[in-house]
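First comes the structure, then the notes that go with it.
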Amino acid sequence: MGKTAKEPKPMTPQTRVVTVNLHRALKGFHGKHKAPRAIRELKQFATKEMGTPAVRIHPSLNVELWGKGIRKVPHKMRVKITRKIDSTEENEGEYYSELEAVQVDTFKGLTTEKE
């Protein structure tokens, strides 16, 4: 009389706009380790959120993250995560996530937006 395992839902292209608290993720990292670590944390977050092992960083996100240098990473970032189907010959039909920066004036009252 145990529970039966549910079948996982099939993946579909999807978009979410979320706020990521990088300040919490980078606590304990000093100086020249911050910006590279922030990229790793964003990729890890996208993998967990969308369930795709492949994550690509859009140039707009890269510019915003590295804008003040390697040491002064923004505390919070608004990120648009898009799950897409890969169309290259070697990865035909597999999904990947793309991270893109979203400009906001204030972070107050923002919630996750699903499309």
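All values reported here derive from a predicted model rather than from experimental measurement.
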>> Hydrophobic clustering (ILVMFWY, side-chain heavy atoms < 4.5 Å, transitive) - are V102 and F45 grouped together?
In response: no

> Rounded to the nearest 0.5 Å, how far apart are CG of L61 and CD1 of I39?
Replying inline: 6.0 Å

>> How long is the straight-line distance from CG of N21 back to NE2 of H75, given to the nearest 0.5 Å?
In response: 9.0 Å

> What is the distance from atom NZ of K34 to atom NZ of K27, rounded to the nearest 0.5 Å?
Replying inline: 11.5 Å

> Roughly how far, to the nearest 0.5 Å, is OH of Y95 from CD of Q14?
Replying inline: 10.0 Å

>> Using the side chain to side chain donor-acceptor pair (under 3.5 Å) criterion, which residues pair with E98? Sequence neighbours excluded.
In response: K84

>> As an exercise, state the distance from CG of L99 to CD1 of I81, rounded to the nearest 0.5 Å.
In response: 5.5 Å

> Would K76 and L22 count as a side chain to side chain contact (heavy atoms under 4.5 Å, CB included) if you check the C-alpha gap in whole Å, the side-chain angles of each, and the deciding distance to 0.1 Å?
Replying inline: CA-CA 5 Å; K76 291 183 180 180; L22 292 174; over 6 Å; no

>> Just verifying a value: how many Å separate E94 CD and I85 CD1, rounded to the nearest 0.5 Å?
In response: 11.5 Å

> Where the side chain of Y96 meets the backbone of R83, is there a donor-acceptor pair that is under 3.5 Å apart?
Replying inline: no

> Applying side chain to side chain donor-acceptor pair (under 3.5 Å), which residue pairs with at least one partner in residues 44-56 are found, sequence neighbours left out?
Replying inline: R16-E49, T52-S97, R56-D86

>> Give me the atom names and distance for the closest heavy-atom approach of L65 to P74.
In response: O-CD, 3.9 Å

> With sequence neighbours left out, what residues match E113 under side chain to side chain contact (heavy atoms under 4.5 Å, CB included)?
Replying inline: V17, R78

